[in-house]
Enquirer: 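The structure's right below; bear with me while I get my questions together.
This structure is a prediction, so every number in the text was calculated from the model and none was measured. Starting from 1, each residue takes its place in the sequence as its number. When reading the values below, keep in mind they use all heavy atoms of this one structure, side chains included, and skip hydrogens, waters and symmetry mates.
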Amino acid sequence: MTVLLAAALTGDDGAVATLKQNAIGVHRQDGRTNIAAALRHTARDCRRSLTALGLTG
């Protein structure tokens, strides 16, 4: 994931697209159908993204 993040920060469009697709996939697996709302909800608190990934309880 660090390689993708570094590529995203340097402007590699393929890496940015991969990160976006991964975020969408995580929310879809979580049962969310409105991806824009799910992204806004997750962005409000940094712990929510970790919970969505299953890294915290």
Enquirer: For the CG atom of Asp45 and the CZ atom of Arg47, what is their distance to the nearest 0.5 Å?
Expert: 4.5 Å

Enquirer: Using the rule side-chain contact (heavy atoms from CB on, under 4.5 Å), only one of Ile35, Thr33, Asn34, Asn22 pairs with His27; which is it?
Expert: Ile35

Enquirer: What's the separation between atom CZ in Arg48 and atom OG1 in Thr51, rounded to the nearest 0.5 Å?
Expert: 9.0 Å

Enquirer: Indicate the atoms forming the closest heavy-atom contact of Ala52 with Val26, along with that distance.
Expert: O-CG1, 3.7 Å

Enquirer: Measuring from atom CG of Leu39 to atom NZ of Lys20, what distance do you get when rounded to the nearest 0.5 angstrom?
Expert: 10.5 Å

